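Taking it in order: structure first as structure tokens, then the write-up.
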Amino acid sequence: MDPSSFLPILSGMLGGATSAGLFKGPIQTVEDWWYINFGHSTNEKAEMLRAKQEANIEAYKTSLLKETSKIDPNHLKEPELKILGPALEASKYYIEDEPLRIMFAKLIASSMDSSKEDIVHSSYVEIIKQLTPLDAENLLSIHKTGDESIICSLKINYSTGGYKIKYSNLYLGNQNTTKQSLISPSLDNLDRLGLCDITYQEKKVQEGIYDIFQQTDEYKLLSQEIQRLNNEYDNIRHVAATNPHANINTDGIPFLSGPEIQEGLIKITPFGKNFCATCL
């Protein structure tokens, strides 16, 4: 890769050599580190960079230049090496995943923007490494709704006391997938990383806003399961009532009710808001 290839492209994006001149120093630093990470010898490149990989690297470079071109020249500064180096190194292994690739590009560009120096954090590199494309989609969708979204859990209540959570952290804000078996652990991961906070101690008070969860497959399946179990328990009680010699104790057999929607929220934390402002 020609280490001088960045600046002419950036100049075209900015529409003038004068602006490009302001970027020359910081861009040269990026070029040098880019070459260290991606400018391998011919033999290594033949081994690592197949056609798909080269296309991904080109897309990565384009994303980085696009994000860099958005920086106000008055706020442009040398990239922070504690971010630039680890970000380029880590991104080699995530370059096929477009959402994560773009996150790395935005992070590097943010490290070159003095207006963001109070919110850029070196830990973001490790956080991106622990995200999946689905995590990135969910975080972005929550961020777009004002940094908090409704979630729910579905539970069965027992007449004998207590309840059982059957589905947790249902979330319908992702337009690309509604598969809750994938979304629920994704939200858990965002919570684990400190980007989001899952709570059932708070909820939105807008009337009927949680009714949408009644249309989910999980709600319908749980309704069917409750009906099936109640039918089975009714049959046992019927046998016990009509055949006293069967010696069946029905005291502990419950009536099931539900599904009950346990209303909650997933909220982006202050740390997560800084991450979003830097990487999304």
Side-chain angles (χ1 to χ4, degrees), residues 94 96-103 126-159 161-233 254-273 275-276 279-280:
Y94 299 85
E96 291 186 356
D97 294 322
E98 182 178 5
L100 304 184
R101 185 174 69 220
I102 292 175
M103 277 189 172
E126 291 302 316
I127 288 178
I128 296 174
K129 287 168 59 177
Q130 297 179 68
L131 295 174
T132 67
L134 179 59
D135 296 337
E137 287 180 3
N138 287 332
L139 182 62
L140 180 59
S141 64
I142 297 166
H143 180 55
K144 285 182 176 179
T145 57
D147 293 334
E148 68 176 27
S149 295
I150 60 172
I151 59 171
C152 85
S153 293
L154 300 179
K155 63 181 184 178
I156 300 174
N157 294 309
Y158 298 93
S159 62
Y163 63 87
K164 182 177 183 180
I165 300 286
K166 291 292 291 185
Y167 299 100
S168 62
N169 303 338
L170 271 63
Y171 171 66
L172 302 178
N174 190 324
Q175 300 301 311
N176 295 323
T177 181
T178 58
K179 193 170 184 181
Q180 299 302 318
S181 60
L182 299 177
I183 289 179
S184 179
S186 172
L187 299 189
D188 282 338
N189 191 42
L190 295 178
D191 181 85
R192 178 187 69 87
L193 291 171
L195 299 176
C196 291
D197 179 40
I198 294 173
T199 177
Y200 289 92
Q201 305 304 313
E202 301 178 47
K203 64 179 182 180
K204 291 195 174 182
V205 296
Q206 181 180 341
E207 185 175 355
I209 194 172
Y210 288 89
D211 291 350
I212 189 173
F213 292 106
Q214 296 179 9
Q215 307 304 317
T216 62
D217 291 339
E218 288 73 19
Y219 187 94
K220 296 172 183 177
L221 287 171
L222 188 53
S223 295
Q224 295 170 5
E225 180 181 348
I226 290 171
Q227 183 176 1
R228 177 181 60 80
L229 289 173
N230 277 333
N231 288 339
E232 290 180 5
Y233 296 157
F255 291 98
L256 278 55
S257 63
E260 180 182 340
I261 294 177
Q262 187 176 13
E263 302 166 340
L265 289 174
I266 180 166
K267 304 189 295 182
I268 297 181
T269 63
F271 178 73
K273 290 178 182 179
F275 178 86
C276 291
C279 303
L280 293 186

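It should be emphasised that the depicted structure is a prediction, and the values quoted were computed from it without experimental measurement.
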What residues, two or more places apart in sequence or in another chain, satisfy side-chain hydrogen bond (donor to acceptor under 3.5 Å, both in side chains) together with [X]?
X	answer
Lys203	Glu263
Glu98	none
Thr199	none
Thr269	none

Would you sort out whether Ile127 and Phe275 count as a side-chain contact (heavy atoms from CB on, under 4.5 Å), showing the intermediate values? CA-CA 9 Å; Ile127 288 178; Phe275 178 86; 3.7 Å; yes
Other residues, nucleotides, ligands: >12 heavy atoms within 6.0 Å of Glu207 CD: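 Counting neighbours around CD of Glu207, 12 or fewer heavy atoms of other residues, nucleotides or ligands fall under 6.0 Å, so no.
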Can you check whether [X] reaches [Y] side chain to side chain, under 4.5 Å on heavy atoms?
X	Y	result
Pro133	Leu100	yes
Glu148	Ile142	no
Leu187	Cys196	no
Tyr233	Leu256	yes

Report the C-alpha distance between Asn230 and Gln227 in whole Å, list the side-chain angles of each, state the deciding distance to 0.1 Å, and finish with yes or no for side-chain contact (heavy atoms from CB on, under 4.5 Å). CA-CA 5 Å; Asn230 277 333; Gln227 183 176 1; 5.9 Å; no
Euclidean distance, [Y] [atom2] relative to [X] [atom1], rounded to 0.5 Å:
X	Y	atom1	atom2	answer
Cys279	Leu140	SG	CG	12.0 Å
Ile268	Thr145	CD1	OG1	7.0 Å
Leu154	Leu222	CG	CG	6.0 Å
Ser223	Arg228	OG	CZ	13.0 Å
Ser186	Asn174	OG	CG	8.0 Å
Gln180	Ser168	CD	OG	10.0 Å

Pairs where residues 184-202 contributes a residue and the test salt bridge (Lys or Arg N to Asp or Glu O under 4.0 Å) is met, not counting sequence neighbours: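 The answer is Glu202-Lys267.
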Applying salt bridge (Lys or Arg N to Asp or Glu O under 4.0 Å), which residue pairs with at least one partner in residues 128-144 are found, sequence neighbours left out?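 Qualifying pairs, neighbours excluded: Glu126-Lys129.
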Report the C-alpha separation of Ser141 and Tyr171 in whole Å, then their side-chain angles, then the decisive distance to 0.1 Å, and conclude whether the side chain to side chain donor-acceptor pair (under 3.5 Å) test is met. CA-CA 11 Å; Ser141 64; Tyr171 171 66; 2.6 Å; yes
Mind checking side chain to side chain contact (heavy atoms under 4.5 Å, CB included) for [X] and listing every partner two or more places apart, or none if nothing turns up?
X	value
Ser181	Lys179
Tyr200	Ile151, Ser153, Asn169, Ile198, Gln262
Pro185	none
Asn157	Lys155, Tyr163, Ser257, Glu260

Identify the heavy atoms of Pro259 and Ile226 that sit nearest to each other, and give their distance.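 Looking at all heavy atoms of both residues, the shortest contact is N-CD1, 3.5 Å.
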Which heavy atom in Gln130 sits nearest to a heavy atom in Asn189, and how many Å separate them?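 For Gln130 and Asn189, the tightest heavy-atom pair comes out as O-ND2, 3.0 Å.
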Could you pull out all donor-acceptor pairs under 3.5 Å where a side-chain atom in residues 212-221 meets a protein atom, sequence neighbours excluded?
residue : atom : partner : partner atom : Å
Thr216  : OG1  : Phe213  : O            : 2.7
Thr216  : OG1  : Tyr219  : N            : 3.2

Under the side-chain contact (heavy atoms from CB on, under 4.5 Å) criterion, do Glu232 and Leu229 qualify, and how do the steps go? CA-CA 5 Å; Glu232 290 180 5; Leu229 289 173; 4.0 Å; yes
Could you go step by step and tell me if Leu131 and Leu190 meet the side-chain contact (heavy atoms from CB on, under 4.5 Å) rule? CA-CA 8 Å; Leu131 295 174; Leu190 295 178; 3.9 Å; yes
Ring pair (Phe, Tyr, Trp, His ring centres under 6.0 Å) partners of Tyr210, counting only residues at least two apart: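 In terms of ring pair (Phe, Tyr, Trp, His ring centres under 6.0 Å), with neighbours along the sequence ignored, Tyr210 is linked to no residue.
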